[in-house]
Amino acid sequence: MAHLAWRLAQRWCPSSLQVISFPVVQLHLNRTAMRASQKDFENAMNQVKLLKKDPGNEVKLKLYSLYKQATEGPCNMPKPGVFDLINKAKWDAWNALGSLPKETARQNYVDLVSSLSSSLESSSQVEPGTDRKSTGYETLMVTSEDGITKIMLNRPTKKNALNVEMYHEIMHALKAASKDDSAITVLTGNGDYYSSGNDLTNFTDIPPGGVEEKAKNGAILLREFVGCFIDFPKPLIAVVNGPAVGISVTLLGLFDAVYASDRATFHTPFSHLGQSPEGCSSYTFPKIMSPAKATEMLVFGKKLTAGEACAQGLVTEVFPDSTFQKEVWTRLKAFAKLPPNAMRISKEIIRNREKEKLHAVNAEECSVLQGRWLSDECMNAVVNFLSRKSKL
Ligand SMILES: CCCCCCCCCCC/C=C/C(=O)SCCNC(=O)CCNC(=O)[C@H](O)C(C)(C)COP(=O)(O)OP(=O)(O)OC[C@H]1O[C@@H](n2cnc3c(N)ncnc32)[C@H](O)[C@@H]1OP(=O)(O)O
């Protein structure tokens, strides 16, 4: 399935362009004259359609705004409403160009396309093999060996952000792992991040029922998703290979052990995003680290290093990044040789008396969050990220 951002970008591309074939090299020659002709401009528009790789939202907004400025001049559209996320991001980008002359916008557009044509054709953003589908999953790599089922988040170019498909696939993989013959289950990330949390583009695909329906469905999905972690019957281990954000952090309170690279950080910027805690963290974090420390993380968005998270009890042990994988997997393979039924029963006795409480907490958190998703605070934060005005 094509990624949403790319689909959005295609919507942003001007639709009435003529297709004129024009070699890239000629664009480079024309750039030296520093005055793009109408023909250069049309060829650049055509070149955009031929790009093989998604250039990213920021670039796509830039292309859109320069195109509009070059063809229509300064922004002349009424400002879209705050819930109209896509049009608002486009409006912001165009409006930001102010009174830039049409000719300059045209030149900038041609230059930008020219630079994209050369950089995106020659460099691959994806590490070799990282897009490999191991078991029919689009967003995960799931393997089972040595008594360990490993569920690896596999959107490294998006810092393993959780899109809706990934939420569903993780639930599916957990259900399968709970029934397979492995002794333990591991969640980890591919690439430099463990996970950047909820994919903020999840907020953009508004159904006919509007944002209220979207928020309601989001809350149902989240409740079911977190429920799978609460009910998971075997030892569940997080191998936190790099920075973790949002829901990928809060869920750690439901894991049985958390091993982290010293490169990992733990960040829950819910207030910054106009949101509120989930993953049962409003209950597990105060118990794990004290109410005040939990408040620093969940309310004030304090980012912890791996060492700090270990000192607070959220992380079980920290390893130097250089030996992280080797040390952790040696240890996990030894754990996986222990009698599986004994491990399962011991987990049950540690966790079961809390289960009902955790499900109740989960339901309450999802209901509160459903309301937050409809707030201006949340909408503005999402728009700011999508239009690249802010990052964590
Ligand atoms: C009503 C709707 C309901 C929907 C369904 C909801 C389901 C349950 C929701 C559960 C609630 C969860 C809450 C959270 O998890 S809150 C945390 C959300 N995460 C963030 O705010 C992180 C945002 N990302 C960043 O700030 C930075 O990307 C980051 C610091 C993580 C990395 O910065 P860096 O400069 O190193 O890298 P880039 O920004 O260039 O990132 C590379 C590409 O990856 C894309 N990316 C990264 N993270 C996300 C993300 N969380 N959402 C969407 N996209 C993400 C980034 O855009 C880059 O993409 P491009 O190359 O295309 O530009």
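We use all heavy atoms of the structure for the numbers below, so side chains are in, but hydrogens, waters and symmetry mates are not. In listed order, ligands and their atoms are each counted from 1.
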Quick one: look at Phe385 and ligand 1, take heavy-atom pairs under 4.0 Å, and tell me if it's side chain, backbone, both or neither.
side chain
Is the closest heavy-atom distance from Phe225 to ligand 1 below 4.0 Å?
no
Atom of Thr250, atom of Glu278 and distance for their closest heavy-atom approach
OG1-OE1, 2.6 Å
At less than 4.0 angstrom from any non-hydrogen atom of Gly197, what atoms of ligand 1 do you find?
15 (O)
Atoms in ligand 1 with a heavy atom of Phe203 nearer than 4.0 Å
1 (C), 2 (C)
Less than 3.5 Å between some nitrogen or oxygen of Gly218 and one of ligand 1, yes or no?
no
Looking only at N/O atoms, are Lys158 and ligand 1 under 3.5 Å apart anywhere?
yes
Would you say Asn198 and ligand 1 have an N/O pair spaced under 3.5 Å apart?
yes
Step through the shown structure and confirm whether more than 12 heavy atoms of other residues, nucleotides or ligands are within 6.0 Å of CD on Gln38.
yes
Side-chain donor-acceptor pair present, Asn198, Tyr167, cut-off under 3.5 Å
yes
Considering all heavy atoms of both residues, which atom of Phe255 and which atom of Leu187 are nearest to each other, and what is their separation?
CZ-CD2, 3.7 Å
Leu222 neighbourhood, listing ligand 1 atoms whose heavy-atom distance to it stays under 4.0 Å
8 (C), 10 (C)
Quick check on Arg351: does its CZ atom have over 12 non-hydrogen neighbours (other residues, nucleotides or ligands) under 6.0 Å away?
yes
Does the gap between the ring centers of Tyr259 and Phe324 come in under 6.0 Å?
no
I need the atoms of ligand 1 closer than 4.0 Å to a non-hydrogen atom of Thr157, numbered in the order shown.
42 (C), 43 (C), 44 (O)
Distance-only side-chain donor-acceptor flag, Glu165 / Thr139, under 3.5 Å
no
Closest to atom 1 (C) of ligand 1 (heavy atoms only, candidates Lys214, His267, Met379, Arg223) is Lys214
Heavy-atom nearest option to atom 21 (O) of ligand 1, drawn from Val382, Asn160, Leu200, Thr204:
Leu200
What part of Ser196, side chain from CB on, backbone N/CA/C/O, both or neither, has a heavy atom under 4.0 Å from ligand 1?
both
Distance under 4.0 Å to a non-hydrogen atom of Leu273: what atoms of ligand 1 satisfy this?
16 (S), 17 (C), 18 (C), 21 (O)
Pair Lys347 + Asp256: basic N to acidic O under 4.0 Å
yes
Number the atoms of ligand 1 from 1 as they appear, then name those within less than 4.0 Å of a heavy atom of Lys159, with their elements.
36 (O), 37 (O), 41 (O), 42 (C), 47 (C)
Between Asp40 and Arg106, does at least one N-O distance fall below 4.0 Å, as a salt bridge requires?
no
